[in-house]
Amino acid sequence: MADDIDRAGERIDAEMAARLRVLPTFNLPSLLDCQACGEEIPSKRRTIGGVTRCVDCQNHFEGRR
């Protein structure tokens, strides 16, 4: 029984590692102002890295409105 559990845990770990490898990295600097509307991007949002739009403009860009 423990062997089955160990194998299942190893499979889950391997799958999670594979999924994390394909995620985008956000190591580019964020803009201070939104490229769409020109408003300041909040500092908490800029810490993500690679941010170019404020929340409202990003939602609009992704069709969430």
Using atom types as modelled, flag every donor-acceptor pair under 3.5 Å from a side chain in residues 11-23 to any protein atom, sequence neighbours excluded.
{"from": "Glu15", "atom 1": "OE2", "to": "Arg19", "atom 2": "NE", "distance (Å)": "3.3"}
{"from": "Glu15", "atom 1": "OE2", "to": "Arg19", "atom 2": "NH2", "distance (Å)": "2.8"}

(message) For residues Ile48 and Leu31: do they belong to one hydrophobic cluster (side chain heavy atoms under 4.5 Å, members Ile, Leu, Val, Met, Phe, Trp, Tyr)?
(response) yes
(message) Looking at Thr52 and Gln35, would you say the former's side chain and the latter's main chain have a donor-acceptor pair under 3.5 Å?
(response) no
(message) For Gly38 versus Asp33, what's the shortest heavy-atom pair and its separation?
(response) O-CB, 3.8 Å
(request) To the nearest 0.5 Å, tell me how far Asp56 CG sits from Cys37 SG. (result) 7.5 Å
(message) As an exercise, state the distance from SG of Cys54 to NE2 of His60, rounded to the nearest 0.5 Å.
(response) 11.0 Å
(message) Filter on salt bridge (charged side-chain N to carboxylate O under 4.0 Å, His left out), then keep only pairs touching residues 36-49, sequence neighbours left out; what's left?
(response) Glu40-Arg46
(request) Provide the closest heavy-atom pair for Cys57 versus Ala36 in the form atom of the first, atom of the second, distance. (result) SG-CB, 3.8 Å
